[in-house]
Every structure is written in structure tokens, then in C-alpha cells.
Protein chains: 2
Amino acid sequence: MSKNKVISPFKPASHKHQDCLRAAIVAAKNHCDAVGIRLTPIRQRVLELIWQDHEPVKAYDILDKLKQSKSSSAPPTVYRALEFLQDEGLVHKIESLNAYVGCSDPKNIHKGQFFICHDCSFVAELDDGEIRHLLQKKAKRFGFEINDEMVEIKGYCQECRGLKE
Amino acid sequence: MSKNKVISPFKPASHKHQDCLRAAIVAAKNHCDAVGIRLTPIRQRVLELIWQDHEPVKAYDILDKLKQSKSSSAPPTVYRALEFLQDEGLVHKIESLNAYVGCSDPKNIHKGQFFICHDCSFVAELDDGEIRHLLQKKAKRFGFEINDEMVEIKGYCQECRGLKE
DNA sequence: ATTCTAGATGTTATATTATAACATAACATT
DNA sequence: AATGTTATGTTATAATATAACATCTAGAAT
Ligand SMILES: [Zn+2]
Ligand SMILES: [Zn+2]
Ligand SMILES: [Zn+2]
Ligand SMILES: [Zn+2]
């Protein structure tokens, strides 16, 4: 089963992001209902904060915003929510940035491949069978059994490149 | 120019690591001489500590060992040395582990692809043109210009898989 | 409806990773 | 020796993340 998905494509800055946010929350609710776990208010709020944009968000930035509506919030509040959301495939951690992005495809558990713009910080995500397959092939050559993958690519998105002219 | 190198292959636990260490230090000295920069005692010592094994090493573990011979050492001592070594291609940071591994190919500046064993922590490094090329191809599809790449693959090396039987 | 319980949250403290800022020392060039 | 540059020393603190234990609460079991 070698799917080749664009989980989250680059979108123009002008896109109607309200729709991305709304869709992500709906997908999260559906997922949690289906699996029989609870998307509590804190968890939903953290997810909403992460989906404020397509940029990776830092844990302590989430904490700051969370405190505004819920003064009892502390680091564990955020890290617990993040752990839950990551376990459920609702959020990925960008290891090279110590930051978190939403994932709109929780049903299908995966580790994506991320493309991150240095200028606008937009993160696009693929779940690409070709990449996975090539890495498998390389690994196989020296008898390595893959169990987890991190692919994070930085550079400049089309829109930002246009602006550089 | 699409090279396809195995920078640092998996080696049996029994290999004569003294040779790896020695070769790495010689390569580092040669590189620094050639480029006209200084591999100072601190920098060399940090590099040696990183090359104690093929496992990623944590900054504060380096610091602890450094203190044993040089009591004036502090976090900046280590992080400065690490920065120097990374800039010169003598060390790579494994982002997903916040740890550092030696690189035996400093001449050729690159971002490698890393395969890391969960059991023995051995890190193998490729500088693989095929992988780079595929990522380029994917990026091109949505007009993304790559500037930096992180590929870190976790799993089980051949030797450790054999032991699991 | 009441009790029980697992899961979720609150709270305090601390561990881990990394950098800022400024002072001093070592080294190279003139 | 005087100068500029690079490296190191030193102190403090920022940024990221987890441990440990107390308390609460929604929902299951009775
Ligand atoms: Zn959007
Ligand atoms: Zn951009
Ligand atoms: Zn070795
Ligand atoms: Zn192994």
C-alpha cells in the first residue's frame, strides 16, 4: 500500500483560512468520536491555536495564548495536549524547529514529509509513497529496518520566490 | 553533480573503532590546515569526544567530560565548539535527538541522510544523490526551492535485528 | 441516583537544551 | 610594542520539556 498524498498543499496567503481551521476541527471531532476518545476543551483549544495558520507553532506560544482564557494553564497543560494530539495524528512535531503543525488527515496514521518556507513559514505536508519507498530501498541495502522517519525540507515557496524578483 | 556516497556505513560492534577515531582527527586537521582555520585544543577535544563511538552525543554529556580535563568549561565552551565543527562539516546535528555525530567527509559540504538504530544507537550516514534528486522533483511540482534538508530515519540495524531472533 | 474509577487537569518543582552579554586572553600582523 | 582579530572565560538567563503528586470530573457500573 503505497499511497501518494498531498496532505496539505501550499496555498496563497489570500486563501480563506477560516475554512482550513473549521475543517480541521470537524475532522478532529469526527476522528475522536470514531475512535471513542475525548477531544476535551483544552485539547480542542490547543488544536485551534495550532491551526491559527499554516506555520509551525511553539509550545510556549501556545501556552501564552492558552493562559489568556484559562489562567490555570502551565507547561504540562500544553505538552499533555500536544502528546494527545500527536498520538492521534492530529498534530505533527517539526523536529528541526521544536514546533508543531496541524495535520488534516488523522484517520491515516503516518509520518509526513514537510516542506517549510524560510520566508512565510508555511508548511506543506506530503505523505509520499515514492519517498518512503526510496528510503526503504536504501535501508534494505544495509539490512536496516525502518520504523520511524523524519523528512523536513526548508526553502522558499513559490509565492515567496515570486516576491523576491 | 549528483554524488551517491556512503559517508559512514554501519559497522559491526567488533570493528576497530580506534581507527575511525584516528582517521576522523587526521581528516579534521587536514581540513582545517587546508582551509586555514584553527582546530584548537578545545575543538579537537570536543571532536574526539563525539567520535568516542558512532552514537549521537549530547551537548551536556560532552560538557561533563570536558570539565574533567578542563574545569573552566561551561555551556558556551561546548556550543561554540559545536558551532565551529558544524560549520566546517566535521559534525552534524541530529535534530530529532538534540545530539551530535561526527562526519568523516568534511571536505565536501553536505547535509547527510541519517539512519539511526533504536537499539545500539549506531548512526550511519549517506549523502545520496538519488534521495536529494527525488526530493527536488517533489519540491519542483509546487514551485518550492530547496535550501536545506533534514532526513533522519530510525529503526533497527542488521546486527541488532540478528540479536532479536 | 449513588458509587466507583479511569482519565483528565491542577500545581509545584525541576531537568534539559541553548544563547546573550560582556570580560579577558591568545595569537597574528604590522 | 601596538593593533586588530579570533578564541576563551564567566555569569546569567532563555527556551524547551518532563517528573511527581494532588485533585477533579465525566461517564461507567452498581
Ligand atoms: Zn489555510
Ligand atoms: Zn513562503
Ligand atoms: Zn568506528
Ligand atoms: Zn543496532
Side-chain angles (χ1 to χ4, degrees), chain A residues 28-29 31-33 35-50 55-88 90-101 121 150 152, chain B residues 28-29 31-33 35-50 55-88 90-101 121 150 152:
Chain A
K29 282 180 174 161
H31 170 78
C32 291
D33 279 358
V35 180
I37 51 178
R38 302 201 301 138
L39 188 66
T40 62
I42 290 178
R43 291 166 177 173
Q44 178 169 339
R45 185 75 189 113
V46 169
L47 186 59
E48 285 166 1
L49 289 170
I50 288 174
E55 302 181 21
V57 183
K58 312 228 112 199
Y60 276 74
D61 290 345
I62 296 171
L63 178 54
D64 288 343
K65 288 180 184 149
L66 206 55
K67 274 179 175 161
Q68 291 172 11
S69 49
K70 208 156 189 305
S71 61
S72 71
S73 307
T77 316
V78 171
Y79 283 102
R80 282 166 185 159
L82 287 173
E83 186 183 19
F84 171 87
L85 295 169
Q86 286 177 270
D87 287 350
E88 295 309 320
L90 294 161
V91 157
H92 297 292
K93 179 175 184 184
I94 305 294
E95 299 286 351
S96 62
L97 296 174
N98 296 318
Y100 304 83
V101 286
S121 298
M150 267 128 309
E152 299 173 8
Chain B
K29 281 180 175 162
H31 170 78
C32 290
D33 280 357
V35 179
I37 51 180
R38 301 200 302 137
L39 189 66
T40 62
I42 290 177
R43 291 165 177 175
Q44 178 169 338
R45 184 76 189 113
V46 169
L47 187 58
E48 285 166 3
L49 289 170
I50 289 174
E55 301 181 22
V57 183
K58 311 227 111 198
Y60 276 74
D61 290 344
I62 295 171
L63 178 55
D64 288 344
K65 287 179 184 151
L66 205 55
K67 274 179 175 163
Q68 291 171 12
S69 51
K70 208 155 190 306
S71 61
S72 71
S73 306
T77 316
V78 170
Y79 282 101
R80 282 166 185 160
L82 286 173
E83 186 183 19
F84 172 87
L85 295 168
Q86 286 177 270
D87 287 349
E88 295 308 320
L90 294 160
V91 158
H92 298 292
K93 179 176 184 182
I94 306 294
E95 299 285 353
S96 61
L97 297 173
N98 296 318
Y100 304 83
V101 286
S121 297
M150 193 213 71
E152 298 174 7

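Atoms considered below: every heavy atom in the structure, side chains included; atoms not considered: hydrogens, waters and symmetry mates. Residue numbers start from 1 in every chain, and the chains themselves are labelled A, B, ... in the order their sequence lines are given, proteins ahead of strands.
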Where the side chain of [X] is concerned, which of [options] is the nearest nucleotide?
X	options	result
Y60(B)	dC27(C), dT10(D), dA18(C)	dA18(C)
K93(B)	dT9(C), dA18(C), dT10(D)	dA18(C)
P76(B)	dG10(C), dA20(C), dA7(D)	dA20(C)
T77(A)	dG9(D), dA7(D), dG10(C)	dG10(C)
N98(A)	dA18(C), dT8(D), dT16(D)	dT16(D)

So, is [X] close to the [N] phosphate, meaning a side-chain N or O under 4.0 Å from OP1 or OP2?
X	N	value
K58(B)	dT16(C)	no
S72(B)	dG9(D)	yes
S73(B)	dG9(D)	no
K70(B)	dT8(D)	no
Y79(A)	dT18(D)	no

Using a cut-off of 4.0 Å on non-hydrogen atoms, how would the nucleic acid contact of R80(A) be classed: base, sugar-phosphate, or nothing?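 Touches a base.
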Under 4.0 Å, heavy atoms only, any strand: does F84(A) hit a base, just the sugar-phosphate, or nothing?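 Since no nucleic acid heavy atom lies under 4.0 Å of F84(A), the category is nothing.
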